[in-house]
Amino acid sequence: MPADTAAREFRRQGRVVVVGASLAGLRAAETLREEGFTGSLTMIGDEPHDPYDRPPLSKQVLLGRTAADDTELPRRRRLDARWRLGVAATGLDLADRRVRLADGEEVEFDRLLIATGARARPWFRESEAALDGVFVLRTADDASRLDRKLAAGPRRVLVVGAGFTGSEIASACRERGLEVTVAERGPAPLVGALGGVVGAVAARLQREHGVDLRCGITVTSLEGDMAGRLRRAHLSDGTALDVDVAVIGLGAMRNTKWLAGSGLAAGPRGIACDAGCRAFDVHGIVTDDVFVAGDVARSPHPLFGYQFLSLEHWGNAVAQAEVAAHNMISSGLERRPHLWVPAFWSAQFGVNIKSVGVPPMGEEIVVTQGALGENRFVAAYGYQGRVIAAVAFDQARWIDFYRRLIESAAPFPPVFAGVDRRPEGARPVPADFPDPSLPTHGPTVTLSGYSPSERRLQFTPARA
Amino acid sequence: MAVPVAGDVEGTRVPVRLVVDLNRCEGYAQCAFLAPDVFTMHGEEALMYSPRAGQAQREQVIRAVAACPVQAITVDGADAEETRTDAR
Ligand SMILES: Cc1cc2nc3c(=O)[nH]c(=O)nc-3n(C[C@H](O)[C@H](O)[C@H](O)COP(=O)(O)OP(=O)(O)OC[C@H]3O[C@@H](n4cnc5c(N)ncnc54)[C@H](O)[C@@H]3O)c2cc1C
Ligand code: SF4
């Protein structure tokens with residue numbers, strides 16, 4: 001059968017299974033239907049909830065403004081799907097094209113989309129992680145429990161790890177009037193994602209808002225009382241801290257365990273796929289019926305030296321899901337590459353932070369507008385003489401402009417006359433990223449080398 | 001692009017689910033002006049919104065969707081199911 005006839009047939013009566021019923025899974029399903037897929041659609045998700053949105057969990061929900069179960073995602077259209085929620089996929093048989101479920105059911109597919117995302121990295125010592133008062137934040141259930149605990153007015157909250165999630169949690173705690181200590185192994189908050197120059201601004205923001213920020217420090221153990229309630233944390237500088245809540249913000253781990261032995265190039269850092277969202281198998285050969293999207297994917301990006309990027313970004317999940325869905329029901333030349341320029345936002349301590357491009361690739365940084373000291377600025381990151389990323393604090397409307405500079409490989413430092421340029425911004429300085437082999441809280445963009453079937457645990461960005 | 005909102009069918013009016021693409025949002029605050037119960041500015045330009053608006057805010061939300069200069073607000077589509085169609 002010619003390829004386009006097969007594609008037409010598949011569109012009409014194929015069987016699509018989506019594993020992971022969250023942002024990427026939902027948006028992909030909607031796109032399939034929008035683009036005329038009339039076959040059968042099965043949505044499998046291990047959470048017992050309809051697809052919901054995670055960014056509000058560390059913001060509106062922790063501020064007590066929105067209930068955790070009020071964050072369901074809107075539906076762009078009718079799906080006519082079969083939903084299997086509250087049951088995990090436990091295995092994949094590529095040869096027979098079946099997904100095994102935890103309840104024993106086997107679901108057959110013609111094409112599969114894997115959108116199983118990531119989960120919170122738990123505290124490393126299980127007995128301590130189980131103490132009453134120790135939390136992670138990834139799901140609506142996590143958020144609802146943490147919100148209840150914060151509402152009860154703990155004496156002090158300890159946030160372990162000052163990445164975006166940890167910093168947003170600290171911000172919400174301060175806004176609720178709670179005492180909070182942040183322990184960060186790196187030299188500053190957000191340093192893995194934005195580097196030391198911007199990290200210093202984040203550190204100042206935290207302190208200005210009354211956070212007891214301790215950098216260059218790790219939490220070595222959590223101690224409970226007889227009843228199993230958290231009461232104290234021990235730090236690497238030999239001090240101890242009385243706390244009744246600890247939130248572990250040590251980054252996320254990809255949900256790929258269920259694919260062990262499946263033959264796909266799936267490892268702890270995600271599932272490798274091509275720019276068209278097709279998964280690679282362990283030999284580095286691209287599959288044609290298995291697609292990947294969202295936090296669980298890592299895919300090569302032409303703008304960034306074809307490196308495989310793992311992104312933990314809302315916008316990536318949406319954009320990649322749409323491309324994956326389109327390609328699932330298209331053939332050959334109709335297929336599209338996922339060329340989205342990485343971008344994310346964060347709101348913390350009253351500041352709107354936005355980033356575009358891949359800051360951790362940046363060797364140098366230059367403040368192009370505003371001033372670091374005013375918490376209101378845009379800074380551009382340079383890599384081998386071109387603009388590779390930009391970050392804005394309370395300057396959101398400039399981000400699109402910088403995206404275009406990145407897309408056009410504009411020279412760094414940028415040559416345009418700064419509209420609001422200060423002396424401190426005149427010269428690029430080192431962007432000051434920590435040694436990437438020592439991940440702190442996990443940057444939200446991970447450069448993960450070149451080889452599709454590469455499954456090493458080491459964090460090894462190729463920097464030149 | 002104004003998106004029709006679910007809940008019009010025979011008086012079965014349900015709360016409106018919404019999400020804002022905050023990559024796209026430029027903090028112009030039109031939505032906060034038109035639907036202050038649902039959208040508020042937090043600090044100078046960070047938008048906070050309620051992901052589920054009540055029936056009383058429905059009209060306001062629809063106006064905000066239409067007024068957003070960068071089409072960043074998505075609400076339930078007209079034919080969207082309120083929830084998953086089968087039981088767990
Ligand atoms: C607290 C928090 C705040 C955030 N804030 C921001 C922000 O401000 N800006 C930003 O850009 N991004 C933010 N993000 C990131 C953003 O939410 C993610 O990028 C996005 O959720 C990714 O969507 P996804 O569908 O790929 O994965 P996920 O949302 O992780 O969904 C994957 C789903 O698959 C399910 N699943 C996993 N394994 C299985 C299995 N074996 N069988 C069945 N189902 C399975 C999971 O339970 C989950 O429901 C935030 C994330 C969190 C947790
Ligand atoms: S109107 Fe649109 S751009 Fe303006 S604040 Fe609201 S969502 Fe953002």
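Just so you know, these numbers use all the heavy atoms, side chains as well, and skip hydrogens, waters and symmetry mates.
Here B:E45 is the residue among B:E45, B:R24, B:R52 with the most heavy-atom pairs under 4.5 Å with chain A. In terms of heavy-atom pairs under 4.5 angstrom with chain B, the leader among A:A343, A:A347, A:P55 is A:A343.
Separation of atoms CG (B:L22) and CG (A:N352) is listed at 7.5 Å; rounding is to 0.5 Å. Note that the CG atom of B:N23 and the CZ atom of A:R403 stand 10.5 Å from one another [nearest 0.5 Å].
Taking 4.5 Å as the limit, some side-chain heavy atom of A:R65 sits within range of a side-chain heavy atom of B:T40. Side chains of B:D21 and A:W314 form a contact here, defined as non-hydrogen atoms less than 4.5 Å apart. Using a 4.5 Å cut-off on side-chain heavy atoms (C-beta onward), A:D70 and B:S50 make no contact. By the 4.5 Å heavy-atom criterion applied to side chains, A:L63 and B:M48 are counted as neighbours.
No side-chain donor-acceptor contact under 3.5 Å links B:E44 to the backbone of A:D394. Judged by distance alone, with hydrogens and angles left aside, the side-chain atoms of A:Q60 form a donor-acceptor pair with the main-chain N or O of B:Y49 at under 3.5 Å. Side-chain N or O atoms of A:R397 include one that pairs as donor or acceptor with a backbone N or O of B:E26 at under 3.5 Å.
Of the two parts of A:D69, only the backbone, made up of N, CA, C and O, holds a non-hydrogen atom closer than 4.5 Å to a non-hydrogen atom of chain B. Only the side chain of A:T66 comes within contact range of chain B, with at least one heavy atom under 4.5 Å from a heavy atom of that chain. Contacts of B:L18 with chain A are made by backbone atoms alone, with heavy-atom separations under 4.5 Å and no side-chain atom involved.
Across B:D76, B:D79, B:T74, a single residue satisfies side chain to side chain contact (heavy atoms under 4.5 Å, CB included) together with A:R76, and that is B:T74.
Pairing each heavy atom of B:R17 with each of A:P74, the nearest pair is O-CB, 3.4 Å.
Residues B:H42 and A:E175 have side chains that bring a donor and an acceptor to within less than 3.5 angstrom of each other.
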